[in-house]
Amino acid sequence: MEYMILIYGDESAWTNASQAQLKAMYAEYGAYTQELMKAGVMRAGSELKPVATATTVRLRGGKVLSTDGPFAETKEQLGGYYLIEVPDLDAAVKWAGKCPGAKMGSCEVRPLAPPPK
Amino acid sequence: MLGRIVDELARREGPRILAGLIGRLGGNFNLAEDCLQDAYERALDAWPSAGIPEQPAAWLTTVARRCAIDRLRRSRRNMDDGDLILEQLAIEQPEPIETGGLPDDRLRLIFTCCHPAIAAPAQMTLALRTLCGLSTREIARAFLEPEATTAQRLVRARKKISEARIPYVVPSHEMLPDRLAAVLAAIYLVFNEGYSATEGASLVRPDLSGEAIRLARNPAERLYLERRLREVIR
């Protein structure tokens with residue numbers, strides 16, 4: 001079963017970090033990614049650029065409307081994700097608990113819906 | 001009268017039958033629950049003329065298993081592992097229900113119902129429904145809420161179990177201490193709800209406290225939990 005680990009956190013922790021801090025944070029994520037790959041559960045994953053780069057798109061009355069950023073101002077933003085394949089929720093939660101994002105912000109674990117039959 | 005007998009059977013034997021059935025259905029909580037309900041209804045239809053069978057729990061187990069076969073055949077396309085489960089179900093096993101047996105299936109059920117991914121009120125409702133064998137109506141009465149509210153909470157919790165794939169297992173060694181704490185917390189909440197009721201005219205609701213004590217006292221489970229606890233502490 002595939003699960004998405006959505007990593008939420010305060011972006012300013014990254015933008016305000018010193019070079020040394022950034023290096024340490026990326027090293028942690030690198031090690032975590034390696035661990036997922038070694039266990040053979042990693043399907044995909046990436047960091048996302050800051051929310052300031054986001055564009056929200058809506059189709060209304062046949063017109064495409066693009067606006068800057070996401071709609072709501074929240075303290076924690078979606079900063080990245082991992083897509084993993086594991087047998088059940090317990091295994092997914094175990095991996096999410098090891099994710100560096102869980103320490104700094106929070107990780108949301110969501111099962112992927114299978115394609116409709 | 002027969003209704004009361006079936007209610008009593010549901011309370012005494014229902015959890016064990018359900019636990020075993022979920023195991024044989026590859027952890028499919030909803031299907032097992034539906035089939036057991038079918039079996040109760042069949043009992044109400046069949047027993048007035050045929051008489052109550054000598055081993056009513058075994059009768060209910062067999063009927064529930066056959067209902068599962070029927071339901072799976074009808075909806076085979078909606079389940080990935082439907083064929084595999086059907087094969088296993090077709091094997092007529094002597095039902096171990098009457099002997100008591102090892103409490104493993106019931107333990108799995110306890111840990112599934114009290115999984116931390118399920119919200120506390122839903123854990124309590126699930127525990128009362130599936131571990132204590134209370135009907136939705138009885139639970140609604142105990143929590144002083146409309147039956148529809150209880151029913152909805154149960155539906156959502158079961159949906160989460162199947163869709164997020166909460167496993168039907170006794171947790172691994174490393175997870176056990178936390179998960180045991182969750183189980184004990186759920187039992188304690190049920191007890192507390194009865195001991196110092198948040199709603200209603202009476203402060204003490206012995207029905208709920210009684211169920212909590214019944215859950216905590218089941219000797220086979222207690223022994224098992226204590227043994228596992230000691231292993232973890234060591």
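Note that the structure is predicted; figures quoted are calculated from it, not measured.
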Q: With a 4.5 angstrom heavy-atom cut-off, could you sort out which part of B:Ala164 is near chain A: side chain, backbone, both or neither?
A: both

Q: On a heavy-atom basis, which atom in B:Glu163 and which in A:Met1 lie closest, and how many Å separate them?
A: O-CE, 3.0 Å

Q: Determine which pairs satisfy side-chain hydrogen bond (donor to acceptor under 3.5 Å, both in side chains) with at least one residue from residues 106-115 of chain A, sequence neighbours left out, and list them in order.
A: A:Glu76-A:Ser106, A:Glu108-A:Arg110

Q: Can you pull out the residues in residues 5-28 of chain A with any heavy atom less than 4.5 Å from chain B?
A: none

Q: Please enumerate all residues that pass side chain to side chain donor-acceptor pair (under 3.5 Å) together with B:Thr149, with sequence neighbours excluded.
A: none

Q: Counting only pairs under 3.5 Å, give me each side-chain donor-acceptor contact of residues 84-95 of chain A, with atom names and distances, residues two or more places apart or in other chains.
A:
unit_1, atom_1, unit_2, atom_2, d
A:Glu85, OE1, A:Arg43, NE, 2.9
A:Glu85, OE1, A:Arg43, NH2, 3.3
A:Asp88, OD1, A:Asp90, N, 3.1
A:Asp88, OD1, A:Ala91, N, 3.1
A:Asp90, OD1, B:His115, NE2, 2.6
A:Asp90, OD2, B:Arg179, NH1, 3.4

